Number of protein chains: 2
Amino acid sequence: MLHVAEAARVSVATVSAYINGTTTVSQELSGRIEQAIREIGYKRNAIARSLKIGTTRTIGLTVPHITNPFFTDVVSVIQQAFDRAGYAVMLCCTDEDLNNQDEQIRLLLDRMVDGLIIARVGDGAYLKETVERANVPVVLLDREVDGVDSDRVVLDNHQAVFEAITYLLELGHRRIGYITGAFNITPMRDRMTGYREALLNAGLTFDQSLVRSGDLHEADGYTAAMQLLSLHDRPTAILSANNPMVVGAMKAIRDLGLSCPEDVSVICFDDFPWADVFNPQLTTIAQPVQAIGEQTASLLLDRLNGNRDAPSRRLVLKGRLMVRNSCRPLQAAVNTGIVTAATVSSG
Amino acid sequence: MLHVAEAARVSVATVSAYINGTTTVSQELSGRIEQAIREIGYKRNAIARSLKIGTTRTIGLTVPHITNPFFTDVVSVIQQAFDRAGYAVMLCCTDEDLNNQDEQIRLLLDRMVDGLIIARVGDGAYLKETVERANVPVVLLDREVDGVDSDRVVLDNHQAVFEAITYLLELGHRRIGYITGAFNITPMRDRMTGYREALLNAGLTFDQSLVRSGDLHEADGYTAAMQLLSLHDRPTAILSANNPMVVGAMKAIRDLGLSCPEDVSVICFDDFPWADVFNPQLTTIAQPVQAIGEQTASLLLDRLNGNRDAPSRRLVLKGRLMVRNSCRPLQAAVNTGIVTAATVSSG
DNA sequence: AAAGCTAATCTAAACGTTTCGATAGAGTCA
DNA sequence: TGACTCTATCGAAACGTTTAGATTAGCTTT
């Protein structure tokens, strides 16, 4: 900018004023500045600018796994939203590791991001202090943090699972396996209660041996499904709490020489683009990824636009059961009508 | 830092020296500084630091679509690699739009990223100047730019397609449809020549009516497949140049009441995690995403570590045909042995 | 024609670091 | 004891912007 000023024979203040349009600058000087900028190929240094004005127009986004289609989609939507708003987004993946998360959030905060979107990992208590100390707005995505009252957008996990289980019950299934993630993240807790309550609601008793917990990876889904399907009285249906684990579960089904839906019905959390083009066409619980991404972005943008001390907002969106053909009715029960249809509704 | 210095009754220079370990500072002062830092909760401002030292420890990464599993995987690997090296990565998605790309690269450069990884979009000529003007190292990913001699890592697209087509020929297919993207990006050009030459190599003539061009989206794959399968003498096999388009193609097959592989064999570019668990289990051309990501990162890191004016490097990696069960042998030809097996080899 | 506006431009101080060169004190050596 | 070398610390300038306030010049107004 100094060079531009010299070349245009004006002060740097005038160049700055011209570039930012903060003050009117005369035709003549504008022309000279414009020309100097072009000749020199000047580009404003956003770092120096950030230092001075105290804002970087950059946000930090940290998610567990970008290869999990749910996060892929949400990240994509968030990225687009901030792109439109003129923000850059720094992306971090924690790989479900608490230390990574800590390190990465520190890194983002060091870099003076204007805001933070966190789909957290591991134990929530650890994050509490960090979030409270960060003096930038934070919005929590998908996973809440106990005792932290910041903006957040989450799914109605309870309802979503309740609905899915109820659907299976209606088909006549009574022994429904559930592959979950660890309960240190809120969605897994809520999904678990959804599972329990759907059973109780149908007058069934909860059987602990039908739930297996993994670490959300494909391999965990595989071993969990292996265990479930090796039970003496194996489940006739399985619900997986996320997408990577269902891939593992399907492999287990295949490796045991079983097939879906003939031998075991399957439902999984999170929809994916080709669910209805390959077989079995999986019945899924689709999260409204577009809305989740947009709402998350807009909560943060609202804060960034100055609405700093409005009370914190908690948005909860509904999942939707996408019925395809990975669940078959069990003849035995289909006619008994034990379970009514009243409890099922999607959206 | 000023506050820390005051609280510890030392100069800011000493605080800086202590933090960075650039000079030895006495036990006594170290203690006072350490304590002041803790009390105040001081965090170094990386923006100010960057301004001074001229490096941001941040790189820019721009890809067409993060939801395309190929890019999802590569982005994931790249992100991890830079994370390990202590760099942050700013992610941009261009959505195959030239203006977005231009805007985003400007944005990244403004923010003084230390390096840039670009999986470009649209017409390459447009990017040439930008890359040459950027005074940071650039590595081109997946798609080269004519006349730009920067570091890059690409697939041997010619070989990969040649191999896939040869495989289909060996199965007896003679009319092989090809769904491609526009030829303004290098991989599409190379894949096209691979297709042609595999045919010529087998003594067949190239039939223009069997290739349909789309814009790499699912919808394009759908219409392209619709057209191909509506030909009076429809192809018995289809190769899709990327993953989103094959989803469209599979939908077209389904909607026409056809099935794969009985009525039409299918191969597509880019592997995905559940390819071998749903049916038809797609035969794919797997790109070595892990290696691609790692090599890309390491080329850039090498430059960032000071190896600035080594001659530019062009890494080309091999694809691998993952044979599953989406292609069936055509009885008619299987016994004639027109095509020899000699040309097929994977890896 | 003096005084008062307004518009255009400039000067200089910040933003929070790093780093060069200066300084002061404590040893060491002849 | 004086000259010298370390070692630990500091002062101040820089990095490239923005911006508040000062200055100047050109108009009105009376």
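So that the names make sense, note that chain A is the first sequence line, chain B the second, and so on, each numbered from 1. For clarity, every value in this text was computed on a predicted model and none was experimentally measured.
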Legend entry - Pairs where residues 84-116 of chain A contributes a residue and the test ring-ring contact (aromatic ring centres under 6.0 Å, His included) is met, not counting sequence neighbours: A/Phe82-A/Tyr87

Inset, instruction - Answer yes or no: does a side-chain N or O of A/Ser11 lie under 4.0 Å from OP1 or OP2 of C/dT11? - result: no

Inset, instruction - Considering just the side-chain nitrogens and oxygens of B/Ser50, establish if one lies under 4.0 Å of OP1 or OP2 belonging to C/dT17. - result: no

Below 3.5 Å between N/O atoms, which protein atoms pair up with nucleotides 15-19 of chain D? Just atom names and distances, please.
from, atom 1, to, atom 2, distance (Å)
D/dT17, OP1, A/Tyr42, OH, 3.0
D/dT17, OP1, A/Asn45, N, 3.3
D/dT17, OP2, A/Met1, N, 3.3
D/dT17, O5', A/Tyr42, OH, 3.3
D/dT18, OP1, A/Asn20, ND2, 3.2
D/dT18, OP1, A/Arg44, NH1, 3.4
D/dT18, OP1, A/Arg49, NE, 2.7
D/dT18, OP2, A/Ser16, OG, 2.6
D/dT18, OP2, A/Asn20, ND2, 3.2

Legend entry - Crowding at CZ, A/Arg308 (>12 non-hydrogen neighbours, <6.0 Å): yes

Inset, instruction - Inspect the surroundings of OH in B/Tyr126 and state if more than 12 heavy atoms from other residues, nucleotides or ligands are less than 6.0 Å away. - result: no

Send over the distance from [X] [atom1] to [N] [atom2], rounded to a whole Å.
{"X": "B/Glu6", "N": "D/dG11", "atom1": "CD", "atom2": "C1'", "value": "15 Å"}
{"X": "A/Arg9", "N": "C/dT9", "atom1": "CZ", "atom2": "C1'", "value": "15 Å"}
{"X": "A/Leu29", "N": "C/dA7", "atom1": "CG", "atom2": "C1'", "value": "13 Å"}
{"X": "A/Ile47", "N": "C/dT18", "atom1": "CD1", "atom2": "P", "value": "14 Å"}

Inset, instruction - Give one of base, sugar-phosphate or nothing for B/Thr23, where a contact means two heavy atoms less than 4.0 Å apart. - result: base

Legend entry - Residue pair A/Arg189, A/Asp146: steps toward the salt bridge (Lys or Arg N to Asp or Glu O under 4.0 Å) verdict: CA-CA 12 Å; A/Arg189 288 210 285 274; A/Asp146 298 324; 3.2 Å; yes

Legend entry - Sidechain-backbone polar pair: A/Thr56 side chain, A/Ser50 backbone, donor-acceptor under 3.5 Å: no

Inset, instruction - For the pair B/Asn305 (side chain) and B/Leu301 (backbone), establish whether a donor and an acceptor sit closer than 3.5 Å, ignoring hydrogens and angles. - result: yes

Legend entry - Shortest non-hydrogen contact from A/Leu127 toward A/Ile118: CD2-CG2, 4.1 Å

Inset, instruction - State plainly whether the residues B/Arg313 and B/Asp302 are in salt-bridge range, i.e. N to O under 4.0 Å. - result: yes

Legend entry - Contact state string [nucleotides 22-27 of chain D, B base, S sugar-phosphate only, - no protein heavy atom under 4.0 Å]: ------

